[in-house]
Every structure is written in structure tokens, then in C-alpha cells.
Amino acid sequence: MTKLSPSILAADFANLGAQCRTVLDAGADMLHFDVMDGHFVPNISFGVPVLASLHKALPGAFYDVHLMISDPVGYAAAFAKAGASCITFHVEAVNDPAAAIRAIRGCGVQVGISLKPATPVESIFPLLGLVDLVLVMSVEPGFGGQTFQPGAVDRIAAIRAACRQQGVHPHLSVDGGINADTGARCAAAGADVLVAGSMVFSAADPAAAVAGLRAL
Ligand code: DX5
Ligand code: ZN
């Protein structure tokens, strides 16, 4: 069974706590928290105070924090203090990814690495044994509601194969344009965590959407 990480970017922020509670009660395994700085990506979302408030309201949840920011190491401690469980940064954002992994892990959280659709998968192969999670972007990061880029399926399979070859087992997550069809294709290729924003929070029945995606 795949794990589901609903992206709260698609939630109604005026009812954020209630909507998060709904998806967690429906079986969501974690909450995906998309941080954008208007620099690494051309959009701004939300940051540390929002995570701190959510964590206070829902302290038992696993917070899957996706930093789409230019200085992930500089902000990692603040997100860890606010309640992050896993902090994922972009390989494109840093000069020394291994050092960034060490620095973020030093904040007492799990660490994930993400890559944009055009970044060669081989660039993260040396890092697979150092991280808890690999987040494959199946859209250009920055906005919810985009169309899934089908090339992500082969990229997931290639990363899964490299993990197998290296004998390492990070979670393999996919983010962008995930619905029942694309989610199933990614799961078949080796993804074990599906991130879904619009499919969950724009659904007429978010709880039913969670159950459907978790069954893939
Ligand atoms: C995009 C974000 C995604 C986004 C996914 O930059 O990283 O997590 O919220 O949204 P959907 O599922 O609507 O494509
Ligand atoms: Zn994301």
C-alpha cells in the first residue's frame, strides 16, 4: 500500500486546521507542507508560523516539509523547531548536497532530497544512501493544479533501480498532478509515497479521495 501525503497548498487556508484533521482522520499518512520563497520558484506560499500553528493544533501528525527555497540550510532549524518531521530540499538549490543533508539532519529531523523534472536523476544517485526520502517532481515546482509530466514514471523506476543496486531504501515520493491514474503508474514504477493537492482538497469529498489514493 502506498502512503498518501496530501499537499495543503490546495487547502482552504481559512479552514486549514479542520481540513487537515479531516484528511488525517480519513487515513492520510502525513501532511505535505509546500514552502515557496518567490526566489527558487516564482510563487510564495507560507512558512514557519503556519507550520507552528498546525503542529500545535495537530501535534501527532507527521509533517512532510517540502522546501522550494534558495536557502534550505539557513531555514532548516526554524522549520524543525516549528514541528517538521522530514525536511526535503532541492538538489538544484545547494552547492554541496551532502553537506546540506548533514546540516538538516543535525536539526533532528528526517531528510529528503527533491529534483525538478529536467534535473538528471543520476545527480542524486550518490546521495541515495544519505536520505530518508527522495521526492521526484512530476511538475515544475511552484504551483498546484498542474498536469502530470509522464516522464516522471521512468525517472521513478530509474531511482528505484539505483536504490536496489545500492542496497538502500529511502522512501520514494512523487509530487505534482497526482490522481488515481497517474498515482497508480507511479506506484507501479516504485513510488511508495504519493503527494496530492488538488485531488484531495478540491474533491467534493476529501475523505473519500484520501481513501481512494491510499488504496493504489
Ligand atoms: C508544487 C508542489 C506540490 C503541489 C501539488 O510545486 O510541490 O506539492 O501542491 O499539487 P497538485 O497535486 O495539485 O499537483
Ligand atoms: Zn510539494
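Counting begins at 1 with the first residue of the sequence. Just so you know, ligand 1 is whichever comes first in the structure, and atom 1 is the first atom listed for that ligand. Excluded from the calculations below are hydrogen atoms, water molecules and symmetry mates; all remaining heavy atoms, backbone and side chain alike, are included.
- Residue contact check: Met137 has heavy atoms under 4.0 Å from atoms 7 (O) of ligand 1.
- A heavy-atom distance below 4.5 Å is found between the side chains of Phe33 and Leu54.
- A side chain to side chain contact (heavy atoms under 4.5 Å, CB included) with Met68 holds for exactly one of Asp34, Val35, Asp37; it is Asp34.
- The closest protein non-hydrogen atom to atom 14 (O) of ligand 1 is Gly177 N, 2.8 Å.
- An N or O contact shorter than 3.5 Å is missing between Gly176 and ligand 1 by distance.
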Checking Phe89 against Val111 for the side-chain contact (heavy atoms from CB on, under 4.5 Å) test, could you report, in this order, the C-alpha distance in whole Å, the side-chain angles of both residues, the deciding distance, and whether it holds? CA-CA 8 Å; Phe89 70 99; Val111 186; 4.1 Å; yes
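- In terms of polar-atom proximity, Gly145 is counted as a contact of ligand 1, with an N or O under 3.5 Å from an N or O of the ligand.
- Residue-to-ligand polar distances keep Met68 apart from ligand 1: every N/O pair is separated by 3.5 Å or more.
- Which parts of ligand 1 touch Ser198 is read off a 4.0 Å heavy-atom cut-off, strictly below it: atoms 11 (P), 12 (O), 13 (O).
- Considering backbone and side-chain atoms together, Val195 places no N or O closer than 3.5 Å to any N or O of ligand 1.
- Look at His32 and you'll find a heavy atom under 4.0 Å from some atom of ligand 1.
- The protein heavy-atom contact nearest to atom 10 (O) of ligand 1 is Gly144 CA, 3.6 Å.
- Heavy-atom minimum distance, Ser114 versus His90: OG-CE1, 3.3 Å.
- Note on the Zn ion (ligand 2): protein N/O/S atoms under 2.8 Å are His32 NE2, Asp34 OD1, His66 ND1, Asp175 OD2.
- Shown in contact with Ala196 at under 4.0 Å from a heavy atom are these atoms of ligand 1, numbered in order with element: 12 (O).
- Each of Thr119, Val131, Val134 was checked for a side chain to side chain contact (heavy atoms under 4.5 Å, CB included) with Ile124, and the lone residue meeting it is Val134.
- With 3.5 Å as the limit, one finds no donor-acceptor pair spanning the side chains of Ser138 and Gln149.
- Of the N or O atoms in Glu140, none lie within a sub-3.5 Å distance of an N or O in ligand 1.
- Of all atoms in ligand 1, numbered sequentially from 1 with element shown, those under 4.0 Å from a heavy atom of Leu9 are 9 (O).
- A distance-only check finds no donor-acceptor pair linking the side chain of Glu140 to the backbone of Ala118 [under 3.5 Å].
- Ser53 places no side-chain N or O within donor-acceptor distance of the main-chain N or O of Val50, the cut-off being under 3.5 Å.
- When hydrogens are left out, the protein atom nearest atom 3 (C) of ligand 1 is Asp175 OD1, 2.9 Å; that is the closest non-hydrogen contact.
- Each of the following atoms of ligand 1 lies closer than 4.0 Å to a heavy atom of His66: 7 (O).
- Under a cutoff of 6.0 Å and an axis angle of 45°, Lys56 and Tyr63 do not form a cation-pi pair.
- Scanning all protein heavy atoms for the shortest distance to atom 1 (C) of ligand 1 gives Phe143 O, 3.5 Å.
- Side-chain N/O atoms of Asp175 and His66 include a donor and acceptor closer than 3.5 Å.
- Under 3.5 Å, the side chains of Thr2 and Asp192 contain no donor-acceptor pair of N or O atoms.
- Atoms of ligand 1 lying under 4.0 Å from any heavy atom of Asp34, numbered from 1 in the order shown and given with element: 2 (C), 3 (C), 4 (C), 7 (O), 8 (O), 9 (O).
- A donor-acceptor pair shorter than 3.5 Å can be found between the side chains of Thr182 and Asn179.
- Of all protein heavy atoms, the one lying nearest to atom 6 (O) of ligand 1 is Gly142 N, 2.8 Å.
- In this structure, Asp29 contributes its side chain and Lys3 its backbone to no donor-acceptor pair below 3.5 Å.
- If you number the atoms of ligand 1 from 1 as listed, the ones under 4.0 Å from a heavy atom of Ser7 come out as 4 (C), 8 (O), 9 (O).
- A salt bridge between Arg185 and Asp181 is present, with a side-chain N of the basic residue lying under 4.0 Å from a carboxylate O of the acidic one.
- For atom 12 (O) of ligand 1, the nearest protein heavy atom (residue, atom name, distance) is Gly197 N, 2.7 Å.
- Within the 4.5 Å cutoff, side-chain heavy atoms of Phe79 are placed close to those of Leu51.
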